[in-house]
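Worksheet: the structure to be examined is printed underneath.
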Amino acid sequence: MKKGFFIVMIITLLGFICPSIAEDKVTITVNQFVSHVALDAAYNGLVKSLEEREILPNKVKIIMANAQGNIGNSAQIAKHQASAKPEFMVAIATPSAQTLMKAKTDTSTLAFLAVSDPEAINLTNRADIIGVADNPPIEELIEKITQIFPDIKNIGVIFNYGEINSIKTVERLEKVLKDRNIILKKIAITNSNDIKNAFNKLIGEVNLIYIPQDNTVVSALASMVSMSRANKIPLIANDPTLVDQGVMMALGTNYFRSGEQLGNMIADLIEGKKLEKNIQNTNIKELKINDEVVKEFGIVIPENIKRGEN
Amino acid sequence: MNQLQLLGAIEIGLIYSLVAIGVYITFKVIDFPDLTVDGSFTLGAAVSSAMIFTGYDPYLATIAAIFAGSLSGMVTGYLNVRWEILGLLAGILTMTALYSVNLRIMGRPNIAIIDSATVFKNWSIIITILIVTIISIFMLARFFASEFGLAVRAIGINPKVSSAYGIKVGLMKIVALSISNAIVALAGSLFAQSQGFADISMGMGTIIVGLASVIIGDALLHPERIWVGLVTCAVGSIIYRIVIAFALNAHDIGLEASDLNLITALLVALTMIASKLKKKKSVRVI
């Protein structure tokens with residue numbers, strides 16, 4: 001027992017001794033909640049834009065931490081990073097933004113990425129909060145879809161009702177479709193194993209399926225794509241990166257671009273420029289069509305839409 | 001690591017020490033592998049956040065969270081005792097069901113209460129949680145020293161003999177599970193209030209953190225008396241957080257952020273090996 005206490009003491013003391021290395025650079029900390037394709041892309045976009053602006057690695061130091069999906073880790077990382085009083089604290093995904101908001105001191109600026117509803121979590125216009133919100137351009141996507149399929153009647157959507165971004169997206173989608181007299185068939189799932197059942201329920205009921213920016217659904221995209229091909233039900237989405245994996249068409253921004261946009265905002269602030277808006281929407285929209293799928297399904301894409309593709 | 005980082009680690013460690021105590025009661029005291037914890041942690045957070053968000057008093061909200069947690073423990077116990085569902089499975093069932101229940105309670109996957117008054121309005125977070133932890137340990141130690149508490153402990157050591165002595169094994173199991181999950185829910189509630197939000201996914205991995213803390217504390221201090229065992233949980237939980245703080249500083253020596261879990265696991269293993277060195281006596285590990 002004495003020995004145990006001795007080890008406890010040593011560990012605690014070590015904690016005080018190890019100093020963190022101080023440097024004469026602007027420090028940017030990153031608190032990413034979990035690793036997956038979209039969130040990693042956001043981080044990579046951030047780094048790339050800072051490199052392109054030639055402030056990384058000469059003027060800026062990035063300290064990256066990944067909570068690996070654990071909320072306790074996320075809270076600790078937030079406190080840990082805040083203690084160094086960095087100039088910018090980047091949060092990737094909603095829970096990270098919330099733990100950072102609590103932990104950060106007034107001298108740090110909170111910069112968020114991959115948060116779809118900043119207002120709902122009190123990330124509002126404040127001088128020390130900047131960020132890129134990702135509101136998917138659903139109206140524009142559906143507009144394009146009705147041009148390709150003029151007599152479309154039913155659209156299906158599979159989403160996880162435990163993800164706030166999905167719920168928001170599905171609500172908006174439903175409203176947009178209602179205005180056009182298209183019926184939305186919603187199937188809620190709780191984990192990616194339910195995808196197959198959910199898809200089966202939609203076969204014969206819908207003309208195409210919309211994929212929201214939903215972590216659960218996107219992680220099971222491969223099985224969605226194979227079922228889509230087998231049953232000739234095209235998939236559409238708002239994330240262009242999904243098109244390469246077999247989604248027929250997507251219109252929107254991707255997280256890499258959001259990351260770049262935030263990186264440029266941070267670079268502007270470091271260079272002493274003012275921001276137009278502290279919380280911005282993603283400004284680059286990209287239309288991407290999977291030609292292989294279009295050919296396989298025998299879909300005719302009108303010329304004007306093809307020309308809009310970039 | 002600087003002082004603030006250490007304080008941050010201690011603060012999170014103290015909150016999770018309540019989880020560790022909950023896990024200790026089920027895994028160690030009554031020898032029941034209870035996985036309800038992942039759900040009841042979120043349940044505590046969900047109940048108190050939803051109530052605080054609608055304008056209830058934070059103290060009332062915290063007490064409601066404790067009751068909700070104890071109820072969830074009872075459900076697991078009931079499934080196991082009355083219908084003889086395997087303990088592991090009973091916990092998993094309750095945990096799975098709680099995901100939907102928590103969504104119902106919150107009405108959406110994430111509630112922000114960052115601008116609302118919480119139980120931390122008077123004192124700093126670390127002091128408040130320290131007080132709560134000390135009171136919890138004191139009360140539990142008293143409880144487990146009482147006749148009733150001793151009966152609860154007896155079923156973990158030898159259920160057959162306990163039963164022969166007239167102890168209602170099933171009832172004791174349900175009582176222990178309900179106390180355990182009440183404390184875990186309290187931890188969830190305090191966590192949500194200290195961080196200013198509740199999220200549906202926040203319970204993920206709670207059981208692992210709790211179990212790791214119990215094992216670390218156990219390996220370092222070899223508790224024999226129950227109150228030492230409870231204190232050990234808190235010590236283990238804080239050590240676990242200090243270890244993570246070290247892991248977070250690993251970028252100074254060129255490690256990647258994604259290595260966090262690996263480094264943590266290695267450091268925990270090292271801590272346990274260190275405690276075993278030169279030690280002849282065998283240690284009971286879960």
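Labels below follow one simple rule: chain letters A, B, ... track the order of the sequence lines, proteins then strands, and each chain is numbered from 1.
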**Fill in**
In terms of heavy-atom contacts, A:K102 and B:Q193 come closest through NZ-O, 4.3 Å
**Prompt:** Which heavy atom in B:A9 sits nearest to a heavy atom in A:Q76, and how many Å separate them?
**Reply:** CB-NE2, 3.5 Å
**Asked** Take atom CD1 in B:I208; do more than 12 heavy atoms of anything else shown fall under 6.0 Å from it?
**Response** no
**Prompt:** Out of A:I167, A:T190, A:N122, A:V30, which one racks up the most heavy-atom pairs below 4.5 Å with chain B?
**Reply:** A:N122
**Asked** Heavy atoms, side chains only, cut-off 4.5 Å: are A:Y161 and B:S100 in contact?
**Response** yes
**Asked** Relative to chain A, which of B:N110, B:I113, B:I15 shows the most heavy atom pairs under 4.5 Å?
**Response** B:N110
**side chain to side chain contact (heavy atoms under 4.5 Å, CB included) between A:I71 and B:F197, worked out** = CA-CA 11 Å; A:I71 202 96; B:F197 73 99; 3.8 Å; yes
**Request:** Taking all heavy atoms of B:A112 and all of A:I121, pick out the closest pair and write down the distance.
**Result:** CB-CA, 3.8 Å
**Shortest non-hydrogen contact from B:L248 toward A:A65** = CD2-CB, 4.0 Å
**Request:** Can you establish whether the number of heavy atoms outside A:K185 located under 6.0 Å from its atom NZ is more than 12?
**Result:** yes
**Structural part of B:L260 lying under 4.5 Å from a heavy atom of chain A** = both
**When B:L7, B:I111, B:I244, B:I200 are compared by non-hydrogen pairs under 4.5 Å with chain A, the top option** = B:I244
**Fill in**
Among B:Q195, B:M106, B:M204, the residue with the most heavy-atom pairs under 4.5 Å to chain A is B:Q195
**Asked** So how far is it from B:I10 CD1 to A:K79 NZ, rounded to the nearest 0.5 Å?
**Response** 12.0 Å
**salt bridge (charged side-chain N to carboxylate O under 4.0 Å, His left out) contacts touching residues 37-51 of chain A (sequence neighbours left out)** = A:K48-A:E52, A:K48-A:E260
**Message:** Are B:R241 and A:N73 packed together at the side-chain level, in the sense that at least one heavy-atom pair is separated by less than 4.5 angstrom?
**Reply:** yes
**Contact origin within B:D199 toward chain A - heavy atom pairs under 4.5 Å** = side chain
**Request:** Please state whether the side chain, the backbone, both or neither of A:T94 comes within less than 4.5 Å of a heavy atom of chain B.
**Result:** side chain
**Request:** Check whether A:T99 gets within reach of chain B through its side chain, its backbone, both or neither, counting any heavy atom under 4.5 Å.
**Result:** both
**Request:** Check the pair A:S83, B:Q5 against side chain to side chain donor-acceptor pair (under 3.5 Å), reporting the backbone distance first and the verdict last.
**Result:** CA-CA 6 Å; A:S83 72; B:Q5 293 175 344; 3.2 Å; yes
**Asked** If you take all heavy atoms of A:G162 and B:Y99, which pair is closest and at what distance?
**Response** CA-OH, 3.6 Å
**Prompt:** With a cut-off of 6.0 Å (strictly less than), are more than 12 heavy atoms of other residues, nucleotides or ligands near CG of B:N122?
**Reply:** yes
**Request:** Heavy atoms only, distances under 4.5 angstrom: which of A:Q68, A:M101, A:E163 has the most pairs with chain B? Name it, please.
**Result:** A:Q68
**Prompt:** Heavy-atom count around B:F120 CZ within 6.0 Å, excluding the residue itself: above 12?
**Reply:** yes
**Message:** Measuring only between side-chain heavy atoms, which start at C-beta, is B:N249 closer than 4.5 Å to A:H80?
**Reply:** yes
**Message:** I'd like to check the side-chain hydrogen bond (donor to acceptor under 3.5 Å, both in side chains) partners of A:D117; sequence neighbours left out, ordered by chain and number.
**Reply:** A:K168
**Complete:** With chain A, the option among B:G196, B:S194, B:G217 that has the most non-hydrogen atom pairs under 4.5 Å is B:S194
